Amino acid sequence: MKKWLGILIMITAIVFMLSNLSSNNGNANELVEQIIPKEPSFEYGILTDSFSVTKGVVKNGQTLGEILYANHIGHPEIHEIVKKSKEIFDVRRVNAGKSYMVMCSKDSIGKAQIFIYEENAISYVVFDLRDGIDVYKGKKEVVVKLKTAASTINSSLWLTMEDKNLSPRLTHELSTIYAWTIDFFKIQKGDAFKVYYEDRYINEEYIGIGRILASEFIHKGQKFYSFYYKENTTYGEYYDDKGKTLRKAFLMAPVDYKRISSRFSRKRKHPVTGRWKGHFGTDYAAERGTPIWSTANGTVVSASYTKNNGNYVKIRHNGTYTTQYLHMSKIKPGIRKGASVKQGDVIGYVGSTGLATGPHVCYRFWKNGKQVDPFKESLPPGDPIKKENYEDFMMVKDSLFNILMAKK
Ligand SMILES: [Zn+2]
């Protein structure tokens with residue numbers, strides 16, 4: 001019985017489909033007689049209908065002149081174009097692999113009327129040759145779509161992004177946002193993230209991620225948040241859930257000191273050896289036994305003793321900055337190579353071990369492997385949200401937070 005019922009349903013369906021098909025045909029015939037106005041087509045804001053349009057990619061070693069010459073622009077005119085465009089775009093910067101478009105006249109000559117060079121996915125240069133030479137820059141309309149993504153990290157952050165089909169730029173952006181709070185070399189299995197960010201499109205074509213608006217990063221069971229907020233009209237910054245900026249500066253000093261006994265200098269007479277030598281640190285005089293703090297989050301790269309340094313600790317903060325603390329009376333137990341420390345953690349105690357005249361901390365600061373004076377470095381400021389913006393920030397933060405929490 002069931003079998004017959006099935007066949008019956010099938011036949012009915014076929015009959016219905018056929019009858020539909022024929023009525024569609026009837027409609028189509030009627031439509032042919034109507035005149036459908038053609039939509040005008042624009043590219044780079046220029047009506048292209050009246051031109052014959054060629055698109056291409058700049059070949060290795062190809063110059064703007066060669067492309068124009070191939071499109072019937074003579075050498076004197078090319079020379080003029082190069083000269084006139086100098087202020088807006090240096091034509092020597094035309095690079096292989098970049099896209100261009102030539103709009104030529106539809107007559108028998110097909111001379112180039114407008115030439116467009118794409119500097120990148122968004123910006124382009126227009127050489128309008130129709131009435132003299134007009135060169136200007138334009139930007140394509142970028143459509144931003146907001147997206148959320150979330151994942152637990154099983155191996156590396158990179159592989160997780162790849163598995164989830166997410167842009168590797170997200171890893172880069174996140175590691176920048178959290179540069180002062182999370183050591184991305186220490187990301188481990190079980191860490192997790194949620195991120196709310198912009199995906200950018202031009203003419204429905206994906207061109208890459210834009211800004212990260214909010215994120216939650218769980219590292220070693222601890223939650224780190226970032227919320228993008230603009231305190232002024234020019235630029236925004238990332239703040240945590242309490243309104244503290246994520247661009248953490250170093251502490252001004254590694255110790256509650258009495259005085260700075262010696263500053264960083266390229267040349268000074270050493271108080272012990274009497275020899276002239278650079279002093280690549282800042283000396284903070286303090287009572288013996290005073291706690292010494294790590295000036296920023298980081299990982300201990302050495303906690304040891306040498307004849308000159310005495311007991312010392314060296315901490316790597318990120319790919320750029322490393323600090324070192326010398327002449328400790330004692331290194332704090334537990335502070336050893338590989339230990340992670342937070343800004344303000346006690347790492348040792350003031351003393352005068354090694355080459356030192358009295359109890360002090362010699363604080364050394366490396367930037368990209370070079371010793372520098374931290375007081376002369378433009379270190380990122382650590383200002384929190386301004387009082388007058390706090391309420392507004394909290395509102396923005398709450399809505400971003402809800403979006404993150406809704407993502408499973
Ligand atoms: Zn010193």
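The model shown is predicted, which means the values in this text are computed figures rather than measured ones. As the structure lists them, so they are numbered: ligands from 1, and atoms in each ligand from 1.
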Please give the atom name: the N, O or S atom of D283 nearest to the Zn ion (ligand 1).
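Result: OD1.
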Of all N, O or S atoms in H279, which has the smallest distance to the Zn ion (ligand 1)?
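Within H279, restricted to N, O or S, the Zn ion (ligand 1) is closest to atom NE2.
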Taking 2.8 Å as the cut-off, does an N/O/S atom of H360 lie below it from the Zn ion (ligand 1)?
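Checking H360: none of its N, O or S atoms is under 2.8 Å.
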Testing F224, Y225, F393 for ring-ring contact (aromatic ring centres under 6.0 Å, His included) with Y239, which one passes?
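Running ring-ring contact (aromatic ring centres under 6.0 Å, His included) over F224, Y225, F393 with Y239 returns exactly one hit, F393.
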Listed partners of D49 passing side-chain hydrogen bond (donor to acceptor under 3.5 Å, both in side chains), at least two apart
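Partners of D49 under the side-chain hydrogen bond (donor to acceptor under 3.5 Å, both in side chains) test: S41.
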Does anything in residues 127-148 pair up under ring-ring contact (aromatic ring centres under 6.0 Å, His included), and if so which pairs, sequence neighbours excluded?
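As it turns out, the ring-ring contact (aromatic ring centres under 6.0 Å, His included) pairs with a partner in residues 127-148, which skip direct neighbours, are F115-F127.
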May I ask you to check if K98 and Y117 form a cation-pi contact, with NZ or CZ under 6.0 angstrom from the six-membered ring centre and within 45° of the axis?
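No cation-pi geometry.
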